[in-house]
**Student:** 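Before anything else, here's the structure in question.
Below, read A as the first sequence line, B as the second, and so on, with proteins coming before strands; counting in each chain starts at 1.
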Number of protein chains: 4
Amino acid sequence: MSARAAGGGQPAAARLTAERRAQITEAAGELFGRRGYHAATMRDIALRVGVSPGLIYNYVEDKEELLLLVLDSLLDAYASSIPAALAGLRDPLARFAAAVDTYCRIVAERPEATLLAYQESRSLRRSLREHIKRREVETNALIADCISDGIAQGLFRPVDAELTAYRVVMMAHGWALKTWRLAGRMTIDDYIADSLEMLLGALLTPLGAQRRAEAAR
Amino acid sequence: MSARAAGGGQPAAARLTAERRAQITEAAGELFGRRGYHAATMRDIALRVGVSPGLIYNYVEDKEELLLLVLDSLLDAYASSIPAALAGLRDPLARFAAAVDTYCRIVAERPEATLLAYQESRSLRRSLREHIKRREVETNALIADCISDGIAQGLFRPVDAELTAYRVVMMAHGWALKTWRLAGRMTIDDYIADSLEMLLGALLTPLGAQRRAEAAR
Amino acid sequence: MSARAAGGGQPAAARLTAERRAQITEAAGELFGRRGYHAATMRDIALRVGVSPGLIYNYVEDKEELLLLVLDSLLDAYASSIPAALAGLRDPLARFAAAVDTYCRIVAERPEATLLAYQESRSLRRSLREHIKRREVETNALIADCISDGIAQGLFRPVDAELTAYRVVMMAHGWALKTWRLAGRMTIDDYIADSLEMLLGALLTPLGAQRRAEAAR
Amino acid sequence: MSARAAGGGQPAAARLTAERRAQITEAAGELFGRRGYHAATMRDIALRVGVSPGLIYNYVEDKEELLLLVLDSLLDAYASSIPAALAGLRDPLARFAAAVDTYCRIVAERPEATLLAYQESRSLRRSLREHIKRREVETNALIADCISDGIAQGLFRPVDAELTAYRVVMMAHGWALKTWRLAGRMTIDDYIADSLEMLLGALLTPLGAQRRAEAAR
DNA sequence: TATGAATGAGTCTTCATTCAT
DNA sequence: GATGAATGAAGACTCATTCAT
């Protein structure tokens, strides 16, 4: 997770370093997504960044670490976008809906990255894999919290919040997995609406249902 | 898709050939599942079968074809088990439930194989990939048919049967994808029951719901 | 040069053995000629004979020996056809012409075999290579003798007969080497006539030339 | 026909690249010539250059391309040496003799390379093979032109120049093919003189013969 | 005699990674 | 920081050859 050239003394240099690393990560994400982790070569990635293969190793220890960076960048998206989407919202129903919506849209934006997580997590050494898992759990908690709130307010049935959050995640990932099959027949908006319908159908208490009906008016 | 030693003249020889191929496929499935397609070497597979590396190429043209065989064996399971499970059943509700149940259990039995399909389909040449896709669609149709029946009898709402079948498949695959996370907290039976609940909650007409309640008595 | 199954007790069996070996040699010649010694596999050869790969090893020790057999079969052709062509002829000029003609036609009949000799002699172990060389020299002698006769009778200039025989052989082989280039523009008959013209132009004494002119009448 | 490291940006780098490639080609030529294309391994070649096997693939795409490079280098020798030899000469007779002489000497310098062309052209993919053929034809034209000149000036009989050029080439190649047999008995000078004698004997018009006699004085 | 499944050494080739410049 | 030539370990695959049946 470290990098040789990482942040020396000057903040300017540190920023440049971060930029380079971001460039590399993006290129890697693109190529890993398109060709798969194994098929994408370091040389390809360097070429795409417009840099020599050797340089990548100034910013990354390993091809594995590059994979980590890519997966991390996806988790970053969740970690920043979901809280942002929830920011103004008080109502647990609205919060839950927003969380689901945001999660699904992030998946839909980079379906290959989501796939990559399933495909190649195994390729990571244990330590890196643990890191990813930890962050996934954190992301999950963002959703689980919305559910817990709903339960606390009597809008959701008293389900296992964490488990239900996994349900949400699975549904969202379902889009990535079957994108090639679904993309023609259904928009991501349809998919989200539909998924939410199912989830709420299973979750809402009568009170919750009533509240929802009012909100829809 | 053929191989040198494939089905000689005598049926006895053919059987032996089929057995060997099955052995190899199984070993490959195991190793691909455990280490990933790229990380598993032909040598490893041969070793596990207790055979020399060269021999594998008497039964398989390619490492790729071996992957195909593994993926195919999973699809075989669907193609044979689901119809078997539906065999005695008339009631669309029961049929649907049986299909979902069977599908999920097959996934749960070999979750790595399901993962493999997502992971490495890309590694297949187009022709083989098409083969897999075709068979996936066939499998899907088994479920879609149950749904269509239910719709025809007024038990299910008039949804797009095919799309809904994908929903089912995604849910089932969800178990495979998150096994490592769910397995401790939830049995596959719980998962199936829960999934069915959600699906039926979204699908059943009032008539269907009533019928279901009666059946549950 | 030996073979395991070679000539047991019964002459009938021996004949069958010889036939099999001839079949195998022919198939090998065909395939070596078409694809090259290395590219042609024992399996291919067996397939073409309609026999299992293992069987070949009852008649031949080695792939190398098979090559030897093929090369030998070409030398057999020279060894039997040239003497046959010379049989009735007394006149050294006619004998020389017949030898050249026959040699060239054998080359033209199986140009790939001639090429093979150049291509793959190197692949033979020393002992087998020596065998081939010895037989080549014998063949050469058939031509050299004609030349010596001509010299003895004052028809040819007193050249080095053996060396001149090589010249003849080279010219004949030239057809095999460049067959793909010449075949369209020139028949083998033209080639022979032309070659003979050159050779005789260089060889004939005035007496020889006169004798030739008379014979042409 | 390209290679990764081929001609970088700076001319200095380009020169180094060209040198490396030349080294590799030379080593390959040597080993292909000695052991044959198939028997010579990439590892052997690398070893001989004093380099790791992987490096070769920075300069060459394929073992096949390496063969092409070797064959090409022989054709380069013709393409540069023959015109150089003809440079100062006006007289068609002298030009023809010089062309034949040069061609033969190039063959004699690297007989294995000439053999290689016959042996392994087949191993080349069609596109590379075409390339070689094209260059062979060009080389041939160098000789054919001399012949045409001679005809135009009435020194040679009106033969088919191209065909006759093939004759010359065959004769020259004859030396390579039979080196092992002829080398002890005859020098290349003898061989050339002798060959020229035969060729001119067949080609010269009376005028040409007279001119030749004058020149010899 | 004949089979053909099985062997296993050996090949080409790829590619992450290093390091002198 | 940046380059890119060089490394070398490793993998898929082939095929002559063997041997139990």
Side-chain angles (χ1 to χ4, degrees), chain A residues 4-5 8 13 16-17 20 38-47 49-64 66, chain B residues 3-5 8-10 13 16-17 20 38-46 49-64 66, chain C residues 4-5 8 13 16-17 20 38-47 49-64 66, chain D residues 3-5 8-10 13 16-17 20 38-46 49-64 66:
Chain A
R4 287 193 206 139
L16 285 177
T17 290
R20 257 287 142 89
H38 286 97
T41 71
M42 294 300 267
R43 205 173 157 273
D44 290 340
I45 295 167
L47 228 58
V49 183
V51 136
S52 75
L55 187 63
I56 296 185
Y57 290 86
N58 281 3
Y59 296 90
V60 143
E61 197 134 304
D62 239 346
K63 195 186 184 187
E64 260 186 46
L66 202 41
Chain B
R4 271 188 203 161
Q10 299 80 0
L16 286 178
T17 289
R20 256 289 138 87
H38 287 97
T41 71
M42 294 301 268
R43 207 176 151 275
D44 290 340
I45 295 168
V49 184
V51 153
S52 75
L55 186 65
I56 297 185
Y57 292 87
N58 278 11
Y59 297 88
V60 144
E61 203 144 282
D62 236 341
K63 196 184 182 189
E64 257 184 51
L66 201 42
Chain C
R4 287 192 207 136
L16 285 178
T17 290
R20 258 287 142 88
H38 285 97
T41 70
M42 294 300 268
R43 205 173 157 273
D44 290 340
I45 295 167
L47 228 57
V49 183
V51 135
S52 75
L55 187 64
I56 296 184
Y57 290 85
N58 281 3
Y59 295 89
V60 143
E61 196 132 307
D62 239 348
K63 196 185 183 187
E64 259 184 48
L66 202 41
Chain D
R4 271 188 204 163
Q10 299 79 0
L16 286 178
T17 289
R20 256 289 138 86
H38 287 98
T41 71
M42 294 301 268
R43 205 176 152 276
D44 290 340
I45 295 168
V49 184
V51 154
S52 75
L55 187 65
I56 297 185
Y57 291 86
N58 278 9
Y59 296 88
V60 143
E61 204 144 280
D62 236 341
K63 196 183 181 189
E64 257 184 51
L66 201 42

**Student:** For C/Met42 and C/Leu66, run side chain to side chain contact (heavy atoms under 4.5 Å, CB included): C-alpha distance rounded to whole Å, both residues' side-chain angles, the deciding distance at 0.1 Å, then the answer.
**Tutor:** CA-CA 10 Å; C/Met42 294 300 268; C/Leu66 202 41; 4.0 Å; yes

**Student:** Could you give me the stems involving DNA chain F, meaning stretches of three or more consecutive Watson-Crick or G-U wobble pairs whose two defining distances are both below 3.5 Å?
**Tutor:**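 DNA chain F forms these stems: E:2-21 with F:2-21.
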
**Student:** Using side-chain heavy atoms (C-beta onward) and a distance below 4.5 Å, is C/Arg20 in contact with C/Asn58?
**Tutor:** no

**Student:** Roughly how many Å is it from CD1 in A/Ile56 to P in F/dG4, rounded to a whole number?
**Tutor:**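 After rounding, the gap between these two atoms is 13 Å.
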
**Student:** Name all residues meeting the side chain to side chain donor-acceptor pair (under 3.5 Å) criterion together with A/Ser52; count only those two or more places apart in sequence or in a different chain, and write none if there are none.
**Tutor:**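 By the side chain to side chain donor-acceptor pair (under 3.5 Å) rule, A/Ser52 matches no residue at all.
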
**Student:** Taking all atoms of both residues into account, what is the closest heavy-atom pair of A/Lys63 and A/Ala40, and its distance?
**Tutor:**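 Answer, listing the atom of A/Lys63 first, then A/Ala40: NZ-O, 2.8 Å.
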
**Student:** Which pairs, protein N/O on one side and nucleotides 9-13 of chain F N/O on the other, fall under 3.5 Å?
**Tutor:**
| residue | atom | partner | partner atom | Å |
| --- | --- | --- | --- | --- |
| F/dA12 | OP1 | B/Lys63 | NZ | 2.9 |
| F/dA12 | OP2 | B/Met42 | N | 3.1 |
| F/dC13 | OP1 | B/Asp62 | OD1 | 2.6 |
| F/dC13 | OP2 | B/Tyr57 | OH | 2.9 |
| F/dC13 | OP2 | B/Lys63 | N | 3.0 |

**Student:** Let's see if you can work this out: which of E/dA6, E/dG4, F/dA6 has an atom nearest to the side-chain heavy atoms of D/Ser52?
**Tutor:** F/dA6

**Student:** Just how far, in rounded Å, is C1' of E/dC12 from CG of D/Leu55?
**Tutor:** 16 Å

**Student:** According to side chain to side chain donor-acceptor pair (under 3.5 Å), who are the partners of D/Asp62, at least two apart in sequence or on a separate chain?
**Tutor:** D/Arg125

**Student:** Calculate the interatomic distance between D/Asn58 atom CG and E/dT13 atom P; express it in whole Å.
**Tutor:**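 Roughly 14 Å, once rounded to whole Å.
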
**Student:** Can you tell me how far C1' of F/dG1 sits from CZ of A/Arg20, to the nearest Å?
**Tutor:** 9 Å

**Student:** If the cut-off is 4.0 Å, is A/Tyr59 near the phosphate of F/dA2, judged by side-chain N/O to OP1 or OP2?
**Tutor:** yes

